[in-house]
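Throughout, residue positions are numbered sequentially from 1 according to the sequence presented. Remember, it's 1-based here, ligands and their atoms both numbered in the order they're listed. The structure presented is a predicted model; accordingly, all values stated were derived computationally and were not measured.
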Amino acid sequence: MEQEIIKLLDPDLECIRYKLKNQQVIFEVKSSREKVPCPYCGKVSSKIHSVYQREIQDIPIQDKQTIVLLNTRKMFCSNPACDHKTFSERFDFIAPRERKTKRLVDKILLTSAKVSSVSASALLKESSIKVCKSSICDLLKKNAIHCG
Ligand SMILES: [Zn+2]
C-alpha cells in the first residue's frame with residue numbers, strides 16, 4: 001500500500017519504512033534510479049559520493065500531517081568538462097532546497113490567494129498542513145504574488 005502511495009509522488013521512488021507516529025504519517029523513501037543525470041551538464045552518473053536525508057512535507061493523508069524522509073544521493077559527475085565535481089539528485093516533485101512538495105506548495109498558494117497569510121496559516125493548520133505566516137509570505141513572493 002505505502003509503495004503505491006509513494007509511486008504516485010514519483011514512480012522512481014521506493015518506500016523503505018512507513019510509520020504512523022503521533023499525528024504524523026512518515027515515509028522514508030529512496031530513489032530506485034540507477035543512473036542520475038547531472039543537472040549542470042546532463043551526463044548520467046552512477047557513482048555515489050554520499051547520501052543525506054531531506055525532510056519534506058507533503059499533502060496530508062487521512063487528515064494527518066505527512067512527512068517524506070527522502071534519502072538523497074550526492075553523485076560524482078562523470079564528465080571531466082563539467083564545472084561541478086558532485087551534484088545532488090533532483091526530483092520533479094520538489095524544487096531544490098525546498099522543504100515542501102510542489103503539490104503542497106500549490107495547495108498553500110491556492111489557499112493563500114483568497115485570504116491573508118495569517119488566516120491561510122490557520123486554515124491550513126486545520127487541514128494538518130504546518131506552515132507559518134512567514135513561509136507563506138516567502139512562497140507568495142517567490143511566485144510573484146502580493147503578500148497580504
Ligand atoms: Zn556535470
**Q** Can you confirm whether the side chains of Q23 and K64 place a donor and an acceptor under 3.5 Å from each other?
**A** yes
**Q** Spell out the protein N/O/S atoms under 2.8 Å from the Zn ion (ligand 1) as residue plus atom name.
**A** C38 SG, C41 SG, C77 SG, C82 SG
**Q** Compute whether any side-chain donor of one residue and acceptor of the other, for D58 and T101, lie under 3.5 angstrom apart.
**A** yes
**Q** Out of curiosity, T66 OG1 to I56 CD1, how far, rounded to the nearest 0.5 Å?
**A** 13.0 Å
**Q** Given the rule that I, L, V, M, F, W and Y join up when any side-chain heavy atoms are under 4.5 Å apart, are I59 and L109 in one cluster?
**A** yes
**Q** For C132, what residues pass the side chain to side chain contact (heavy atoms under 4.5 Å, CB included) criterion, not counting sequence neighbours?
**A** S134, S135
**Q** Measure the spacing between CZ of F27 and CD of E14 and express it to the nearest 0.5 Å.
**A** 14.0 Å
